[in-house]
Colleague: 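One structure coming up, written as structure tokens, with questions to follow.
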Amino acid sequence: MIVDINAARAAAEQSIANASTIDELRQLDTELLGKKSPLALLKNGLGKLPTVDEKKEAGQALNEAMSAVEFTLAQRRALLGRAERNVQLSAEALDLTEHFAAPGRGKSHIVTQAWQRLEDVFVGLGFQVAEGPEVETDWYNFEALNMPPSHPARSMHDTFYVDHGQPGSTVLRTHTSPVQIRVMQNVAPPIYMIMPGRVFRNETTDATHLAVFHQIEGLVIDRGITLADLAGTIEAFTQAFFGAGFTSRLRPSYFPFTEPSAEFDIRTPKGDWLELGGCGMVHPNVLRAGGLDPEEWSGFAFGFGIDRMAKERHGVGDVREMYTNDIRFIEQF
Ligand code: FA5
């Protein structure tokens, strides 16, 4: 009998080990421990054993065998349960990172980048930053800048007029130079100021001309300021903004609000000259319009186009490309 019990136990344990699903184990539970299981049948045969000792020994062996089979079943059930749960979990898993993934980071427009770098470079050279209104009076935009109503230089600025006040009295500023006057009126010299901003001209657009663009104005007013200070400042700026391989030159020009006046060009490391803007010594009439005595104070001013600088810096072929609002364009820089 003991031999049969051990054989039944070994067979039971083997079939448990062979089971690969919880369902199979459920079936085995009845087959191996139920009323018709080999061990139960052996138990039924206990009464037929001849001696009490044999009955006791076989009974004990049967109990041990049944407990062992139950234990093995439970262990296998736990193992298979864990495995099945893992399979289910990975099948049903939601990839939440898909929903929480960081959205693509935005970028500043290259004109904004140039504007910010220009401010950084000039602040590094000791300048302060000021801004003025985009809608200006004719007086600030032209007259105070030594351009009385009949002045021919006005024709260089194709002007957008605003329907406000006397006809022709209010304009969208055509340059950042009117902010010079506002600064002189409000800040006691010495003045070392830059004035970036948006300007407007009623022009036909092309690869280098926009109707809405940006300029940065510079104004220095102090005692004993000369053209050499202007040239030195332009050169220091050129190297700080573009890099050590660049240099600058001033070319005689004409602006009503500066005397003498110059065009400011930079030379790239390849040797090409690019025109960046205008500059000159502040005209005495302009100092007077700003409330300063030209006998006591002198200074220089400059103004150049930020959009054209961004265009040159990034090798953009046409300034209009920068304003197509195409995200693929902005993402390149
Ligand atoms: C002026 O506007 C003067 N106020 C500059 C100045 C300031 C001279 C202080 C002296 C002292 P101008 O019209 O040349 O000058 O414009 C200056 C710069 O603005 C140009 O060199 C160019 O870089 C940029 N610019 C002019 N017109 C346009 C345009 N339509 N589109 C894009 N950039 C332009």
Side-chain angles (χ1 to χ4, degrees), residues 110-111 114-115 118 122 127 130 132 136 140-147 151-160 171-184 191 193-221 225 227 229-231 233-234 237 241 248-266 273-287 289-290 298-313 316 318-323:
I110 53 171
V111 171
W115 178 326
L118 284 164
F122 277 112
F127 283 71
E136 265 298 7
Y140 277 104
N141 195 79
F142 293 118
E143 219 168 320
L145 290 165
N146 204 26
M147 279 186 276
H151 199 287
R154 284 192 177 212
S155 63
M156 284 154 55
H157 296 229
D158 296 302
T159 310
F160 285 114
V171 303
L172 292 185
R173 67 179 176 191
T174 57
H175 51 172
T176 42
S177 300
V179 194
Q180 286 186 34
I181 306 294
R182 292 183 177 274
V183 166
M184 284 187 241
I191 296 168
M193 203 78 93
I194 51 158
M195 297 143 262
R198 186 158 48 170
V199 302
F200 309 82
R201 285 189 200 175
N202 192 359
E203 291 194 23
T204 310
T205 61
D206 63 25
T208 52
H209 291 84
L210 294 160
V212 179
F213 58 101
H214 302 83
Q215 289 186 339
I216 186 163
E217 192 81 11
L219 178 68
V220 167
I221 305 282
I225 294 290
L227 193 67
D229 297 309
L230 168 59
T233 304
I234 295 282
F237 158 74
F241 187 81
S248 64
R249 76 174 172 198
L250 300 185
R251 212 164 16 89
S253 186
Y254 171 75
F255 295 100
F257 29 92
T258 46
E259 180 57 39
S261 300
E263 219 56 74
F264 145 43
D265 303 333
I266 56 156
W273 287 99
L274 300 173
E275 185 186 311
L276 273 198
C279 58
M281 301 306 291
V282 180
H283 195 287
N285 288 349
V286 175
L287 288 170
S298 60
F300 63 78
F302 54 83
F304 40 83
I306 302 179
D307 311 75
R308 285 197 195 161
M309 289 184 83
K311 172 183 176 294
E312 294 307 331
R313 185 142 191 268
V316 178
D318 187 320
V319 270
R320 290 169 297 186
E321 254 185 87
M322 305 198 291
Y323 293 99

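In listed order, ligands and their atoms are each counted from 1.
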Colleague: Taking only non-hydrogen atoms of F257, do any sit less than 4.0 angstrom from ligand 1?
Modeller: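 Per 4.0 Å heavy-atom rule, F257 contacts ligand 1.
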
Colleague: Counting only heavy atoms closer than 4.0 Å, does ligand 1 sit against the backbone of A211, its side chain, both, or neither?
Modeller: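 It is neither part, as no heavy atom is under 4.0 Å.
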
Colleague: Measuring from non-hydrogen atoms of T208 to any atom of ligand 1, is the shortest distance under 4.0 Å?
Modeller: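 Yes, T208 has heavy atoms under 4.0 Å from ligand 1.
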
Colleague: So how far is it from I110 CD1 to W115 CH2, rounded to the nearest 0.5 Å?
Modeller: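 It is 15.0 Å, given to the nearest 0.5 Å.
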
Colleague: Look at the side chain of R249 and the backbone N and O of W273, then say whether any donor-acceptor pair between them is shorter than 3.5 Å.
Modeller: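 No: the side chain of R249 does not pair with the backbone of W273.
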
Colleague: Who's the nearest protein heavy-atom neighbour of atom 15 (O) of ligand 1, and how far?
Modeller: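 Going atom by atom, the protein heavy atom closest to atom 15 (O) of ligand 1 ends up being F255 CE2, 3.5 Å.
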
Colleague: So which heavy atom on P256 is nearest to which on N146, and how close?
Modeller: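 That would be O-ND2, 2.9 Å.
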
Colleague: For atom 19 (O) of ligand 1, what's the nearest protein heavy atom and its distance?
Modeller: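 In this structure, atom 19 (O) of ligand 1 has Q215 NE2, 3.2 Å as its nearest protein heavy atom.
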
Colleague: Please check if the side chain of E263 supplies one atom and the backbone of R251 the other of a donor-acceptor pair under 3.5 Å.
Modeller: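 No, the answer is negative, given that no donor and acceptor are paired below the 3.5 Å cut-off.
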
Colleague: What protein heavy atom is closest to atom 9 (C) of ligand 1, reported as residue, atom name and distance in Å?
Modeller: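 It is E217 OE2, 3.3 Å.
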
Colleague: Which protein non-hydrogen atom lies closest to atom 5 (C) of ligand 1, naming both residue and atom, and how far is it?
Modeller: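 Of the protein heavy atoms, G303 O, 3.8 Å lies nearest.
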
Colleague: When you measure from atom 33 (N) of ligand 1 to every protein heavy atom, which one gives the shortest distance, and what is it?
Modeller: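 Result for atom 33 (N) of ligand 1: F213 CD1, 3.3 Å.
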
Colleague: Just to confirm my output: which protein heavy-atom neighbour is closest to atom 22 (C) of ligand 1, and how far is it?
Modeller: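 Looking at atom 22 (C) of ligand 1, the protein heavy atom closest to it is R308 NH1, 3.3 Å.
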
Colleague: Do ligand 1 and H209 have nitrogen or oxygen atoms that lie under 3.5 Å from each other?
Modeller: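 No: no nitrogen or oxygen of H209 is under 3.5 Å from one in ligand 1.
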
Colleague: Indicate yes or no for a side-chain donor-acceptor contact from S261 to the backbone of F255 under 3.5 Å, with no hydrogens or angles considered.
Modeller: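 Checked: pair present.
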
Colleague: So which heavy atom in the protein is nearest atom 30 (N) of ligand 1, and how far is it from that ligand atom?
Modeller: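 Protein heavy atom with the smallest distance to atom 30 (N) of ligand 1: L210 O, 2.9 Å.
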
Colleague: Give a yes/no on ligand 1: does L276 have at least one heavy atom closer than 4.0 angstrom to it?
Modeller: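 Yes, L276 has heavy atoms under 4.0 Å from ligand 1.
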
Colleague: What atoms of ligand 1 come within less than 4.0 Å of a heavy atom belonging to C279?
Modeller: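 By the 4.0 Å cutoff, the relevant atoms are 8 (C), 10 (C), 11 (C).
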
Colleague: Do the rings of F237 and F122 sit parallel, tilted or perpendicular, given the 30° and 60° boundaries?
Modeller: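 Plane angle under 30°, so parallel.
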
Colleague: Kindly say whether T176 contributes a backbone atom to a donor-acceptor pair with the side chain of Q215 at under 3.5 angstrom?
Modeller: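 Yes: the side chain of Q215 pairs with the backbone of T176.
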
Colleague: May I ask you to check whether G305 has an N/O atom sitting below 3.5 Å from an N/O atom of ligand 1?
Modeller: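 Yes; the residue has a nitrogen or oxygen that sits under 3.5 Å from a nitrogen or oxygen of the ligand.
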
Colleague: Take the angle between the ring planes of H157 and H175 and call it parallel below 30°, perpendicular above 60°, tilted in between.
Modeller: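 Perpendicular: the ring planes of H157 and H175 meet at over 60°.
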
Colleague: Is there a donor-acceptor contact under 3.5 Å from the side chain of N202 to the main chain of D158?
Modeller: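 Looks like no, no N/O pair under 3.5 Å.
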
Colleague: Counting distance only, does the side-chain N/O of R173 pair as donor-acceptor with the main-chain N or O of R198 below 3.5 Å?
Modeller: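 Such a contact is found between R173 side chain and R198 backbone.
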
Colleague: Taking 4.0 angstrom as the limit and counting only heavy atoms of G277, give me the atoms of ligand 1 inside it, by number and element.
Modeller: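 Those qualifying, in numeric order: 21 (O).
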
Colleague: If you count the atoms of ligand 1 from 1 in the order shown, which ones are under 4.0 Å from a heavy atom of E203?
Modeller: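 Here the atoms of ligand 1 in question are 30 (N).
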
Colleague: For ligand 1, is D307 a contact, meaning one of its heavy atoms is under 4.0 Å away?
Modeller: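 Checking ligand 1 against D307, which is what was asked, there is no heavy-atom contact under 4.0 Å.
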
Colleague: So is Q180 touching ligand 1 or not, going by heavy atoms under 4.0 Å?
Modeller: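 Right, Q180 reaches ligand 1.
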
Colleague: R308 side chain to T208 main-chain N or O, any donor-acceptor pair under 3.5 Å?
Modeller: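 Yes, because the side chain of R308 sits within donor-acceptor range (under 3.5 Å) of the backbone of T208.
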
Colleague: Considering distance alone, does some N or O of E275 sit under 3.5 Å from an N or O of ligand 1?
Modeller: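 Min N/O separation from ligand 1 is not below 3.5 Å for E275.
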
Colleague: Do me a favour and list the nearest non-hydrogen protein atom to atom 12 (P) of ligand 1 with residue, atom name and distance?
Modeller: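 The answer is R201 NH2, 3.9 Å.
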
Colleague: Is the distance between the ring centroids of F264 and F302 under 6.0 Å?
Modeller: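 No - the distance between ring centres of F264 and F302 does not fall below the 6.0 Å cut-off.
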
